[in-house]
Structures are given as C-alpha cells and as structure tokens.
Amino acid sequence: MAWQIISPKTNQEWEAYYDLRYTILRKPWHQPKGSEKSDNEEACTHALLIDENANALACGRSEWTNAETIQIRYMAVSHSFQGKGAGGKILQFLEENAKQNGAIKVLLHARENAISFYIKHGYAIKEKSHLLFSEIQHFLMQKDL
Ligand SMILES: CC(C)(COP(=O)(O)OP(=O)(O)OC[C@H]1O[C@@H](n2cnc3c(N)ncnc32)[C@H](O)[C@@H]1OP(=O)(O)O)[C@@H](O)C(=O)NCCC(=O)NCCS
C-alpha cells in the first residue's frame, strides 16, 4: 500500500484533515463541529497521511512552545487503520521536522488510552494533567529528541 504524508494545501485536503480530527477526537463525545480546531492553526505544522486514493488515514499537528520545544496535539488515526503503524509514521514525521528546525524536546498531553503507544515511541510520563469532557484523563509526556 502506498502511504504518503503531506501537509494539507488544497481545500479538499484541509477538509479531509479536519474531518478526520473531528470524527476521531470530538464526535464520539458529541462535541460540535468546529471544536476540532484551535485559534493558532496557521502557526502549526500539520501532517496528514493519505493512501493512494487520497483517503485520509491519520493526522497530527505540532507547534512551538519555545525555541527548543514543540508540543504535539490532535493525533488521530481512522478507526479501521488504527494499530497498523499510521500513528507512528505521523509522530516520526512531526519529530523529524521539529528536530531539523532545532527542537530538542517534545511535549504532549496523552489520552490515557494512548499512553502505551507514546511509551513505545520513547515518551515518558511527567505528570497527570487535565480531564477532557469530564471523562478523558490526560497525562503530560515528554521525549528528548
Ligand atoms: C493512539 C493512536 C494515535 C495510535 O496510532 P496507531 O496508528 O493506532 O498506532 P500504531 O499502529 O502506529 O502503533 C501501535 C502500537 O502502539 C500500541 N498501542 C498502545 N495504545 C494504543 C492505542 N490506543 N491504539 C493503537 N495502538 C496502541 C500498540 O500495541 C502497537 O504496538 P505494537 O506495534 O508493539 O503492537 C491511534 O490509535 C488513535 O488515533 N486513537 C484514537 C484517538 C487517540 O486516542 N488519539 C491520541 C490522542 S493523545
């Protein structure tokens, strides 16, 4: 299968990108459309994994929190592709991009269900963080690049 990571550019790619975020990270908790976006999207690096038919399989985003640190957010893999390496490819893409641009550290707030995925990719838990939608416990995790 020919998978490819792109940064969304066309309207169709942006729509597929945000739709995947919404479907995986917001819709199951009955959140409104629009809640999958934040007000600093233009300042972020976006990664979208597509197949040979341009179907969106996985996505993720990174932003700088200081000159040496990025935060990764909104990691989402289409339900039928979870556990097939797609999330790992997005993570690797964002980490490599950040490293090439001078980052030495990555922070993220992991949903409890995803902790072992991040540990597998070299992240360590720093502390328990926020509770999203009154039910999804998050944990602050960190990795040195
Ligand atoms: C968490 C998520 C991003 C991982 O991406 P993925 O493509 O499913 O994971 P990969 O296939 O790259 O890696 C899978 C590995 O992580 C492990 N893993 C741990 N938790 C996992 C989880 N919740 N889902 C999938 N794999 C998980 C698997 O055991 C597997 O290890 P193995 O290869 O040794 O068997 C994805 O499953 C997802 O979008 N989940 C729902 C939304 C979510 O929780 N997003 C994270 C917000 S912080």
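Residue numbers run from 1 in the order of the sequence given. None of these values were measured; they are calculated from a predicted model. Start at 1 and go down the list; that is how both ligands and their atoms are numbered.
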Please determine whether residues M75 and F139 belong to a single hydrophobic cluster, defined as Ile, Leu, Val, Met, Phe, Trp and Tyr linked transitively by side-chain heavy-atom distances below 4.5 Å. yes

Which bit of [X] gets closer than 4.0 Å to ligand 1, counting heavy atoms only: side chain, backbone, both or neither?
| X | result |
| --- | --- |
| I24 | side chain |
| Y118 | side chain |
| L25 | side chain |

Ignoring angles and geometry beyond distance, decide whether [X] reaches within less than 3.5 Å of ligand 1 through its nitrogen or oxygen atoms.
| X | value |
| --- | --- |
| A110 | no |
| K84 | yes |
| R111 | no |
| G85 | yes |
| H121 | no |

Please report the closest heavy-atom contact between [X] and [Y], naming both atoms and the distance.
| X | Y | answer |
| --- | --- | --- |
| M141 | I115 | CE-O, 3.9 Å |
| L20 | A76 | CD2-O, 4.0 Å |
| K9 | E13 | N-OE1, 2.8 Å |

Do me a favour and list the nearest non-hydrogen protein atom to [atom] with residue, atom name and distance?
| atom | result |
| --- | --- |
| atom 1 (C) of ligand 1 | A114 CB, 3.8 Å |
| atom 41 (C) of ligand 1 | Q82 NE2, 3.6 Å |
| atom 32 (P) of ligand 1 | K120 NZ, 3.4 Å |
| atom 7 (O) of ligand 1 | G87 N, 2.7 Å |
| atom 17 (C) of ligand 1 | F117 CA, 4.1 Å |

Can you tell me which residue pairs pass the ring pair (Phe, Tyr, Trp, His ring centres under 6.0 Å) test with a partner in residues 84-115, sequence neighbours excluded? H109-H130

Is the NZ or CZ atom of K84 positioned over F81's six-membered ring, under 6.0 angstrom from the centre and within 45° of the axis? yes

For Y18, does the six-membered ring have the charged nitrogen or CZ of K37 within the cation-pi criterion, i.e. under 6.0 angstrom from the centroid and within 45° of the normal? yes

Flag yes if more than 12 heavy atoms outside Q137 fall under 6.0 Å of its CD atom; otherwise flag no. yes

Would you kindly say whether R61 and S38 are connected by a side-chain donor-acceptor distance under 3.5 Å? yes

Return yes when at least one protein heavy atom is under 4.0 Å from [atom], and no when none is.
| atom | answer |
| --- | --- |
| atom 24 (N) of ligand 1 | no |
| atom 34 (O) of ligand 1 | yes |
| atom 38 (C) of ligand 1 | yes |
| atom 45 (N) of ligand 1 | yes |

Pair R21 + E41: basic N to acidic O under 4.0 Å: yes

Give a yes or no on whether a salt bridge exists between K27 and D19, defined as a side-chain N under 4.0 angstrom from a carboxylate O. no

Which of these, [options], has its nearest heavy atom closest to [atom]?
| atom | options | answer |
| --- | --- | --- |
| atom 21 (C) of ligand 1 | N113, I72, I119, I115 | N113 |
| atom 36 (C) of ligand 1 | I90, V77, I136 | V77 |
| atom 6 (P) of ligand 1 | A58, G88, G83 | G83 |

Using a strict cut-off of 4.0 Å, indicate which atoms of ligand 1 neighbour a heavy atom of A76. 39 (O)

Where ligand 1 meets S116 - atom numbers and elements under 4.0 angstrom, heavy-atom basis: 19 (C), 20 (N)

Give, for atom CG of D144 and atom NZ of K99, the distance between the pair rounded to the nearest 0.5 Å. 10.5 Å

Below 30° counts as parallel, above 60° as perpendicular, anything between as tilted: where do the rings of W14 and Y17 land? perpendicular

